[in-house]
Amino acid sequence: MNVSMRVRKVILAVILIGLLLPPFIGVNGYALQVLNLAFIYSIAALGVTIATGITGMVVLGQAAFMGFGAYTAGLIMTGLALPWWIALPVAVVATGFLGAALGLVSTRIKGHYLAITTLGLNEIFRLVVLNESWLTGGPFGLRDIPTLSLPFMGGGLSQQLYIPVFLLTVLAYAVALRIYRTAFGRQMRSIRDDDLAAESMGVNSRWVRVLSFSLCSLYGAIAGAAFVLVFGFISPNNFLVFESIKMLLMVVIGGLGSIGGTFLGALVVVGLPEALRDLQTYYLAIFGLGVVVILLTVPRGLGIIADWLLAPWLPGEEGDAIADARAEGSSSAESVEQEEKRAIAVAARLQAEREQSEAARIHPAAGPLLVVDNVSKSFGGLVALKDVSFTVNRGEILGLIGPNGSGKSTMINACSGIVGVSSGRISLDGQAISGLPAWDVHAAGVARIFQNVRVWNTMTVLENVMICHPATRRARILTGAIGTALARSDEELAREEALKALDLMGIRHLAARRASDLSFGQSRLVELARAIVSRPKLLLLDEPGAGLRGGLIMELAEILKQLRNQGMTILVVEHRVKLVVSMCDRIVVLNLGDKIAEGSAQSVARDPVVIDAYLGGKVERKRRPKIVESAT
């Protein structure tokens, strides 16, 4: 059953209104306090979702951030006698700096090492709070912290603060949803899906990780400050490692990466044990069994429900389908025959357009664009490249060929900044790019595709291409979340250019589809659209024809010729000799890390050294003259 976006908005509004009612319908104070606690934990867990579920960094120390924010706010209100509306912002900002510092550490360590580091942070926080009793109160904690009181709400403190805490929670989740849809949100998701591809496409992974950790800590601080205002008491036992594990459990139950699912996960983890407490000895066992059942029966977690409700605000869901894509008629997955026919038709169209506009072909200024000067690269004792030198002239397609293991992919990786060079220099337009990180090389005007298709599967085709547009490099969390005029114009520009790139590839009708639903050939075209959307000076292609059928090969060749006619310079690695000969202006041949030939396709094809390298014949190599020591 297909439910419209308007109906889903109405359902969500009814649920939110229902969550506002408990203080007004006689719900007892204990139940309201449990709900307040669930809302507070849902805010802290949302920080874990941002860092772990969306950016892909495992964080097991969120309770430390929450505790740091709580103790900072509590100390300001008790020690300095300042009001909560000063204490809360100061606590959030201070914790944000702590998160940024840990984010800098995260750029050096990854995976389980990062998880262990954040776990250690939690234990360090506990020990400091316990031992510095002159400041923190030690094991007895901070007592008699002034709480936020709203007498006009009536009843006890839990009833008075229920509405403010709930509204704070809604605001926190609304901001997270807004960030998720922005350019920065796409960058976080690209790092989670494939950080190597993200860096090669211009995403500064270091900066994104630092900001992601900062956001994680900010949400923890907000939750900690709210905890202080609601309960008026904090102790080290409120922020143990076990609390961090609980927050991670909320994220997993809600569905890793699901913003709305995190809220549902928090309600389950906090509320279910309290609902089962009457069972005394067995309630924890029943709670654990319930969690296992949820994970087994719903592998994607409760986020299935939450994402369905939040679809109007989530990219890639039905509510974000692009009007232009609808007009093109986004259909179900193409069959192999349909894809072949489409590719042949697109190739014929591009060939006709190219032949008609041949006279108007852009001829860039003469001279080399890329200069590779005596480049060598070693991996331990393995020498992949040995003093390789060649140039790529402006506006030409240069083919880089050679047998397997000759160093072709290593050369592409060196030119794109993925690997550094052991010696030599690579320069683009007169500026050295060897030694620069991949995102700076991309900003300088170099884009690439990989030998194995590397698209970001959890994002739509349109999002995959938009990430690589230069406008996204100006992405800022605050301006994106607010939706300033500059942020909106950048977003619209990136969208328009991405659709144009998809149109050139002949796959604009797939713009709203998730990349995980594409065939291999379609994914390759998405990767190529992603590479050209930034209008790079130099396009690096690592075996773009690998795995493609005849029609797609024809389409690929015509696309590359079209790009050359538009003034783009291309360096392509390819094993299909016919494809190389048909589209390349010059060819460079590598073998075992050495350059053995360079010239036109015809001259290279007749070179006996090249023939022997491909067919396995013996080649007389130049040998260094032996040094004969004279007798003394």
Side-chain angles (χ1 to χ4, degrees), residues 40-76 88 90-133 135-139 141-142 172 188 191-192 205-228 234-252 256 262 266 269:
I40 291 171
Y41 268 92
S42 72
I43 296 174
L46 185 54
V48 181
T49 293
I50 291 173
T52 301
I54 298 178
T55 313
M57 301 179 293
V58 181
V59 176
L60 295 178
Q62 184 68 344
F65 291 132
M66 185 177 174
F68 190 85
Y71 269 91
T72 302
L75 288 171
I76 290 174
L88 194 149
V90 172
V92 170
V93 171
T95 311
F97 280 114
L98 177 63
L102 188 60
L104 290 173
V105 175
S106 74
T107 63
R108 297 288 184 179
I109 53 178
K110 297 180 180 179
H112 57 279
Y113 295 108
L114 178 60
I116 294 172
T117 300
T118 57
L119 198 64
L121 173 69
N122 213 143
E123 186 63 14
I124 291 171
F125 174 80
R126 185 186 70 86
L127 292 174
V128 170
V129 171
L130 276 175
N131 291 293
E132 301 300 325
S133 56
L135 179 65
T136 63
L142 295 179
M188 289 194 293
I191 290 175
R192 175 197 61 196
S205 62
R206 295 176 187 169
W207 181 239
V208 172
R209 285 191 173 97
V210 170
L211 291 180
S212 178
F213 251 106
S214 297
L215 278 175
C216 175
S217 64
L218 289 176
Y219 275 96
I222 292 171
F227 187 92
V228 168
I234 49 175
S235 75
N237 291 333
N238 298 131
F239 311 107
L240 300 175
V241 171
F242 178 69
E243 304 303 317
S244 292
I245 303 299
K246 279 174 59 177
M247 294 177 205
L248 185 62
L249 181 61
M250 296 171 193
V251 173
V252 173
L256 205 60
T262 303
V269 172

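Residue indices begin at 1 and follow the sequence shown.
A donor-acceptor pair under 3.5 Å is absent between the side-chain atoms of S212 and the main chain of V208, judged by distance alone. Side-chain atoms of T118 come within 3.5 Å of backbone N or O of A115 as a donor-acceptor pair. Between the side chain of N238 and the backbone N or O of A63, no donor-acceptor pair lies under 3.5 Å. For the pair T95 (side chain) and L218 (backbone), a donor-acceptor distance under 3.5 Å is absent. For T72 (side chain) and G69 (main-chain N/O), no donor-acceptor pair under 3.5 Å exists by modelled atom type.
Shown here are the salt bridge (Lys or Arg N to Asp or Glu O under 4.0 Å) partners of E132, two or more places apart in sequence or in another chain: there are none. Contacts of R192 classified as salt bridge (Lys or Arg N to Asp or Glu O under 4.0 Å), with partners at least two apart in sequence or in another chain: none.
Contact of the L114 side chain with the F213 side chain is registered, since non-hydrogen atoms from C-beta on lie closer than 4.5 Å. The shortest distance between side-chain heavy atoms of L211 and L215 does not fall below 4.5 Å. In this structure, L60 and V241 have side chains that are not in contact, with every pair of non-hydrogen atoms separated by 4.5 Å or more. Looking only at side-chain heavy atoms (C-beta outward), S205 and I191 come within less than 4.5 Å of each other. Contact of the S244 side chain with the F65 side chain is not registered, since no non-hydrogen atoms from C-beta on lie closer than 4.5 Å. Residues V58 and H112 fail the side-chain proximity criterion, which asks for heavy atoms closer than 4.5 Å.
Rounding to the nearest 0.5 Å gives a distance of 9.0 Å between OG1 of T49 and CG of L248. With rounding to the nearest 0.5 Å, the separation of CD1 in I222 from CD1 in I40 is 12.0 Å. Once rounded to the nearest 0.5 Å, the distance linking OG1 of T136 with CG of L75 reads 7.5 Å. With values rounded to the nearest 0.5 angstrom, R209 atom CZ is found 8.0 Å from T107 atom OG1. We find the CE-CD1 distance between M57 and I50 to be 10.0 Å, quoted to the nearest 0.5 Å. One distance of note links CD1 of I116 with CD1 of I109; it measures 9.0 Å at 0.5 Å rounding.
Closest approach of A221 and A91 over heavy atoms only: CB-O, 4.0 Å. Nearest heavy-atom pair, Q62 versus A44, reported as atom, atom and distance to 0.1 Å: NE2-O, 2.9 Å. Considering every non-hydrogen atom in both I234 and A70, the closest pair reads CD1-O, 3.6 Å. Taking each heavy atom of T262 and L46 in turn, the nearest pair found is CG2-N, 3.7 Å. Across all their heavy atoms, A172 and Y219 have their closest contact at O-OH, 2.8 Å. Between P236 and L130, the shortest heavy-atom contact is CG-CD2, 3.8 Å.
Counted by atom type alone, Y41 and E243 present one or more donor-acceptor pairs between their side chains at under 3.5 Å.
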